[in-house]
Amino acid sequence: MEFLLDHPVSIAAVLLVVVLLAAVLKTEWILNLILRGILGIFAICFFNFVLGRYGIEAKVGVNPFSATACGFLGLPGLIALYSLQFYRLLHFPV
């Protein structure tokens, strides 16, 4: 992440690509992607809370990667994130 922050040209290039995609694609598609990402973050927070109440320490972090996975993939993305976390817990115990 520091690499991107040290290079403002790469940040500008990413923003330019996003703006061009927004201009080419329908605005509805972009808003749908953002909304699904936000709902995915809320779902991650909810499942982390519920699993923590039952003593299951399979917490998925809330970060841009998980928001993007939920935004692009929806519910299967959320299931994939928790599946990876459970796999990590089963094969690499703390």
Side-chain angles (χ1 to χ4, degrees):
M1 190 66 171
E2 291 178 45
F3 177 75
L4 278 178
L5 297 178
D6 290 340
H7 294 69
V9 174
S10 55
I11 293 174
V14 169
L15 289 176
L16 180 66
V17 168
V18 169
V19 168
L20 288 175
L21 280 175
V24 172
L25 298 174
K26 293 182 180 179
T27 308
E28 179 183 349
W29 188 82
I30 299 293
L31 290 175
N32 186 12
L33 180 72
I34 292 170
L35 179 64
R36 285 175 28 177
I38 291 170
L39 289 175
I41 290 172
F42 284 129
I44 289 171
C45 291
F46 174 74
F47 285 125
N48 283 345
F49 175 74
V50 170
L51 291 173
R53 296 280 293 195
Y54 285 108
I56 302 170
E57 292 300 323
K59 294 188 177 185
V60 172
V62 176
N63 52 42
F65 173 75
S66 58
T68 304
C70 290
F72 275 111
L73 301 174
L75 184 60
L78 184 67
I79 292 170
L81 289 172
Y82 276 100
S83 298
L84 288 171
Q85 188 66 4
F86 281 118
Y87 176 80
R88 187 189 68 80
L89 284 176
L90 290 175
H91 291 284
F92 305 107
V94 179

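All values below were derived from every heavy atom in this structure, side-chain atoms included, with hydrogens, water molecules and symmetry-related copies excluded. Quick caveat: nothing in here was measured; it's all calculated off a predicted structure.
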Out of curiosity, does L81 fall in the hydrophobic cluster containing Y87 (side-chain heavy atoms, cut-off under 4.5 Å, transitive links)?
no
Separation between CD1 (I79) and CZ (F47), nearest 0.5 Å, reads 8.5 Å
With a 4.5 Å cut-off on side-chain heavy-atom distances among I, L, V, M, F, W and Y, is there a chain of contacts connecting L75 to V50?
yes
Contact between L51 and F86 at the side-chain level, heavy atoms closer than 4.5 Å - yes or no?
yes
Taking every non-hydrogen atom, the tightest pair across K59 and Q85:
O-NE2, 3.2 Å
Is the closest side-chain heavy-atom distance between F42 and V62 below 4.5 Å?
no
Value for CZ (R53) from CG (N48), rounded to nearest 0.5 Å, stands at 14.0 Å
Closest approach of R36 and L73, non-hydrogen atoms and distance?
NH2-C, 3.7 Å
To check you understand the geometry: which heavy-atom pair defines the closest contact between I44 and Y82, and what is its length?
O-OH, 3.1 Å
Output all residues satisfying side chain to side chain donor-acceptor pair (under 3.5 Å) with N63, sequence neighbours left out; order by chain, then residue number.
S66
So, for L78 and A43, which heavy atoms are closest and what is the spacing to 0.1 Å?
CD2-CB, 3.8 Å
N32 CG to L39 CG distance, which is reported to the nearest 0.5 Å
9.5 Å
What pair of heavy atoms forms the shortest contact from A67 to I41, and how long is it?
CB-CD1, 3.7 Å
Pairwise distance CG(L90) to CZ(R88) - rounded to 0.5 angstrom
10.5 Å
